[in-house]
Amino acid sequence: MQNEWNKIPVSDRLNDRVNETLAMIQTDRRKKRFRRTVLGAGSAAAVLGGVLLVGTDDPVLASQIPLIGHLFEKVEHEVSYKGDFSKDAVWLLTEENAGEEQNAGKEETGTVQDAGKEGAIQDNAADGTYIRTSGGVTVTIAEMACSRDAVYLSVKLENEDGFPEDWNKIENWKGYQFAYDIIYLDAEAEIEGMDDVFAGVNKLEGKFEDQHTFVGVIRAEFGSRSADQKVELPDEFRMKLKLTNIYSNIKSTETEMVKHPEGDVRSHLVQKYEEYPGEWDFAFDINLNGSQLETVEIHKTNENGEGIAKVERTAYEITAEPMIPESANGDDYLTVICDADGDLLETQGNIEVYQIYGRNTDKVYVYLCDYVEYMDHLKGYYWSKDYEEKKQTKTFAEYLDEHALFGTEVTFH
């Protein structure tokens with residue numbers, strides 16, 4: 001079946017997007033059925049022996065801090081959730097605080113910093129809070145950039161024994177089409193004191209510098225545990241992040257026999273993974289006052305009560321809040337946003353959160369579409385092989401003007 005799928009002719013742009021989407025959902029699918037190899041420091045004791053808090057009074061480590069503090073610059077424009085994060089980043093590790101004495105085991109209180117202020121430094125960086133080693137892997141979180149939708153973290157993974165070669169798909173997988181590698185994470189991220197809000201974390205995108213070092217970006221997107229409740233965050237809060245497993249797929253597969261509900265047993269080809277279980281705990285004090293939020297109120301609908309309430313733009317994302325009838329199901333709708341040129345914006349982690357990097361979003365075209373109609377028919381216009389030719393007479397935005405349930409033009413000043 002896989003070979004037949006590969007024979008289906010599709011445009012390069014669509015092929016890239018399909019593969020990227022499959023990669024993004026792979027984490028959920030692998031939890032249902034997979035085989036993994038546990039890797040680590042060589043023994044169960046090394047894996048289960050807890051977390052080593054790395055101090056920053058080590059002169060060797062201190063000499064590396066200036067480089068650690070500029071990880072965003074290496075990958076921020078190559079991952080799927082792009083942005084100029086380095087311009088607004090809070091530096092968690094710098095040469096200035098590298099030599100300060102650590103306070104291992106103490107619950108850090110920290111000092112809240114303005115996430116929109118370039119070069120801001122969190123005061124609790126000096127005690128090693130952002131460098132953790134467990135299971136043979138050292139995780140360093142060097143910088144943080146925030147918006148009202150998500151927190152972006154620059155991350156370095158290091159392993160003296162080296163990571164599996166198959167994890168470096170850019171170099172070792174023939175036909176791999178992305179400009180970044182993906183490492184998956186089992187993680188829990190919570191907002192302190194807010195049980196109804198969480199921050200979704202399941203992967204790290206970036207590149208291998210060598211077999212021992214990976215540099216990437218985590219996007220922790222804020223969400224509500226209640227489907228009908230919007231996320232309302234205070235201007236200042238603390239986010240805790242706990243990683244319990246670092247893993248990725250390898251080329252090997254194996255056959256697994258699975259009993260189906262009908263009672264018959266069938267064979268399935270299962271992707272194999274290699275993993276590093278451990279515990280890496282971090283905490284971040286966040287201030288959203290500098291998150292550059294712009295809001296345009298719309299509050300217009302069609303005759304059926306379907307429309308757009310407002311559009312919000314941060315430094316990295318743009319979103320639209322739909323208006324639908326009380327009796328309608330929100331899952332039946334999809335908000336779609338095009339840039340000033342009428343081209344579809346890329347998504348930023350979530351299907352209805354759009355990326356603004358490298359695009360003109362001072363003016364955007366915002367639509368509310370029927371979900372099934374958009375997925376089955378409308379998006380095909382944009383992803384067609386000859387779109388660049390077709391857009392000369394009709395852009396995707398103009399096409400949606402004719403087919404969307406509701407559309408409006410929004411200008412940010």
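Since we're looking at a predicted model, the values are computed, not measured.
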Novice: Does the gap between the ring centers of Y273 and Y247 come in under 6.0 Å?
Specialist: yes

Novice: Just wondering, are more than 12 heavy atoms of other shown residues or ligands nearer than 6.0 Å to NZ in K300?
Specialist: no

Novice: Is K242 paired with E190 through a side-chain N to carboxylate O contact shorter than 4.0 Å?
Specialist: no

Novice: Could you pull out the closest heavy-atom pair between E221 and Q348, with the gap in Å?
Specialist: OE1-O, 4.3 Å

Novice: Under 4.0 Å between a Lys/Arg side-chain N and an Asp/Glu carboxylate O for E262 and R266?
Specialist: yes

Novice: Given ring-ring contact (aromatic ring centres under 6.0 Å, His included), test Y371 with Y333 step by step and report yes or no.
Specialist: CA-CA 5 Å; Y371 182 89; Y333 298 90; over 10 Å; no

Novice: Between H260 and H268, what is the ring plane arrangement, given parallel below 30°, perpendicular above 60°, and tilted in between?
Specialist: parallel

Novice: Do E76 and K82 meet the salt-bridge criterion of a basic N to acidic O distance under 4.0 Å?
Specialist: no

Novice: Are F282 and Y130, when compared by the centres of their aromatic rings, separated by less than 6.0 Å?
Specialist: no

Novice: Is it the case that over 12 heavy atoms from other parts of the model lie below 6.0 angstrom from the CD atom of E160?
Specialist: no

Novice: So among I183, V137, V155, which one has a side chain to side chain contact (heavy atoms under 4.5 Å, CB included) with F214?
Specialist: I183

Novice: Can you classify the ring geometry of Y176 versus W173 as parallel (below 30°), tilted (30 to 60°) or perpendicular (above 60°)?
Specialist: perpendicular

Novice: Do W383 and Y399 have ring centroids that are under 6.0 Å from one another?
Specialist: no

Novice: In terms of side-chain heavy atoms, does E256 have a donor or acceptor partner in S267 at a distance below 3.5 Å?
Specialist: no

Novice: Determine the minimum heavy-atom distance between D84 and Y357, stating which atoms define it.
Specialist: OD1-CE1, 3.6 Å

Novice: Step through the shown structure and confirm whether more than 12 heavy atoms of other residues, nucleotides or ligands are within 6.0 Å of CD on E188.
Specialist: no

Novice: Between E279 and S134, do the side chains contain an N or O donor and an N or O acceptor separated by less than 3.5 Å?
Specialist: no

Novice: Are F222 and F237 close enough that their ring centres sit under 6.0 Å apart?
Specialist: yes

Novice: Quick one: closest heavy-atom pair of V372 and D370, and the distance?
Specialist: N-OD1, 3.2 Å

Novice: Regarding E165 and N172, is there a side-chain donor-to-acceptor distance under 3.5 Å anywhere?
Specialist: no

Novice: Ignoring hydrogens, what is the shortest heavy-atom contact between L71 and A142? Give both atom names and the distance.
Specialist: CD1-CB, 3.8 Å

Novice: Side chain to side chain donor-acceptor pair (under 3.5 Å) for E143 and S154? Distances and angles first, verdict last.
Specialist: CA-CA 5 Å; E143 302 155 288; S154 70; 2.8 Å; yes

Novice: Between Y276 and F163, does the ring centre distance come in under 6.0 Å?
Specialist: yes

Novice: Indicate whether any N or O donor in one side chain lies under 3.5 Å from an N or O acceptor in the other, for R219 and Y152.
Specialist: yes

Novice: How many angstroms lie between atom CG of N249 and atom CG of D166, to the nearest 0.5 angstrom?
Specialist: 8.5 Å

Novice: Closest heavy-atom contact between L293 and E312?
Specialist: CD1-CB, 4.0 Å

Novice: Under 4.0 Å between a side-chain nitrogen and a carboxylate oxygen: does that hold for R132 and D281?
Specialist: no

Novice: Return yes if a side-chain donor-acceptor contact under 3.5 Å exists between K156 and T138, otherwise no.
Specialist: no

